[in-house]
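Structure first, then comments.
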Amino acid sequence: MKKKGGRKIFGFMVKEEKEENRGSVEFQVFSFTNKIRRLASHLELHKKDFSSERGLRRLLGKRQRLLAYLAKKNRVRYKKLISQLDIRER
């Protein structure tokens, strides 16, 4: 979902905002989501790559824990994030 000029990263994450807030929960979830999507597409081609599958499960767990933390601390930010990333709610 990148634009040619490099201004938008994922629709809602502007490049300047991304560089400033790398430690925020939203950026971390965004980063894990991108890695998860890349690994999922890799595993569709390479079904027997079990080490990548283990890495995918670890990333899913990390993202799940961060989302649980965000849901507990700030429900509005959590709802906004899962709607923007198209992550289905538990």
Side-chain angles (χ1 to χ4, degrees):
M1 316 232 176
K2 293 181 182 177
K3 277 190 165 181
K4 186 104 176 163
R7 295 286 299 159
K8 295 272 186 172
I9 301 297
F10 190 80
F12 71 96
M13 292 289 267
V14 181
K15 187 175 182 180
E16 294 84 21
E17 180 182 332
K18 178 190 144 219
E19 290 173 355
E20 292 175 9
N21 298 325
R22 290 190 177 172
S24 70
V25 176
E26 287 90 349
F27 179 78
Q28 290 179 40
V29 171
F30 168 73
S31 177
F32 286 143
T33 301
N34 284 339
K35 289 178 185 179
I36 288 167
R37 288 181 178 156
R38 267 187 282 140
L39 269 175
S41 67
H42 168 78
L43 287 171
E44 287 176 2
L45 294 173
H46 308 282
K47 296 186 186 327
K48 294 189 176 186
D49 188 356
F50 299 115
S51 61
S52 291
E53 186 177 344
R54 180 176 182 263
L56 175 64
R57 290 176 195 258
R58 291 186 69 202
L59 286 175
L60 286 168
K62 285 182 180 183
R63 186 179 73 177
Q64 183 179 9
R65 285 190 299 273
L66 280 171
L67 286 171
Y69 168 78
L70 187 61
K72 188 170 76 173
K73 291 294 181 181
N74 192 336
R75 193 72 175 175
V76 175
R77 284 172 50 195
Y78 168 75
K79 291 281 190 185
K80 182 179 175 186
L81 182 64
I82 62 169
S83 68
Q84 288 173 337
L85 290 176
D86 291 329
I87 300 172
R88 129 182 82 143
E89 189 174 0
R90 292 187 267 151

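Quantities reported herein were computed from a predicted structural model and do not represent experimental measurements.
The distance from the OG1 atom of Thr33 to the NZ atom of Lys35 is 11.0 Å, given to the nearest 0.5 Å. Between the OH atom of Tyr78 and the CD1 atom of Ile87 there is a distance of 8.5 Å, given to the nearest 0.5 Å. Separating the CG atom in Leu59 from the CG atom in Asn34 is a distance of 11.0 Å, to the nearest 0.5 Å. Separating the CG atom in Leu67 from the CZ atom in Phe32 is a distance of 10.5 Å, to the nearest 0.5 Å. To the nearest 0.5 Å, atoms NZ (Lys80) and CG (Leu70) are separated by 11.5 Å. Going from atom CZ of Arg57 over to atom CD of Glu53 covers 4.5 Å, rounded to the nearest 0.5 Å.
Between Lys73 and Val25, the closest side-chain pair of non-hydrogen atoms is not below 4.5 Å. With a 4.5 Å cut-off on side-chain heavy atoms, Lys48 and Phe50 count as touching. Taking the side chain as every heavy atom from C-beta outward, Glu26 and Asn21 never approach each other to under 4.5 Å. Counting heavy atoms from C-beta on, the side chains of Leu85 and Val29 come closer than 4.5 Å.
Remark: Ser52 pairs with Leu39, His42, Leu43, Asp49 by the side chain to side chain contact (heavy atoms under 4.5 Å, CB included) rule, at least two apart or across chains.
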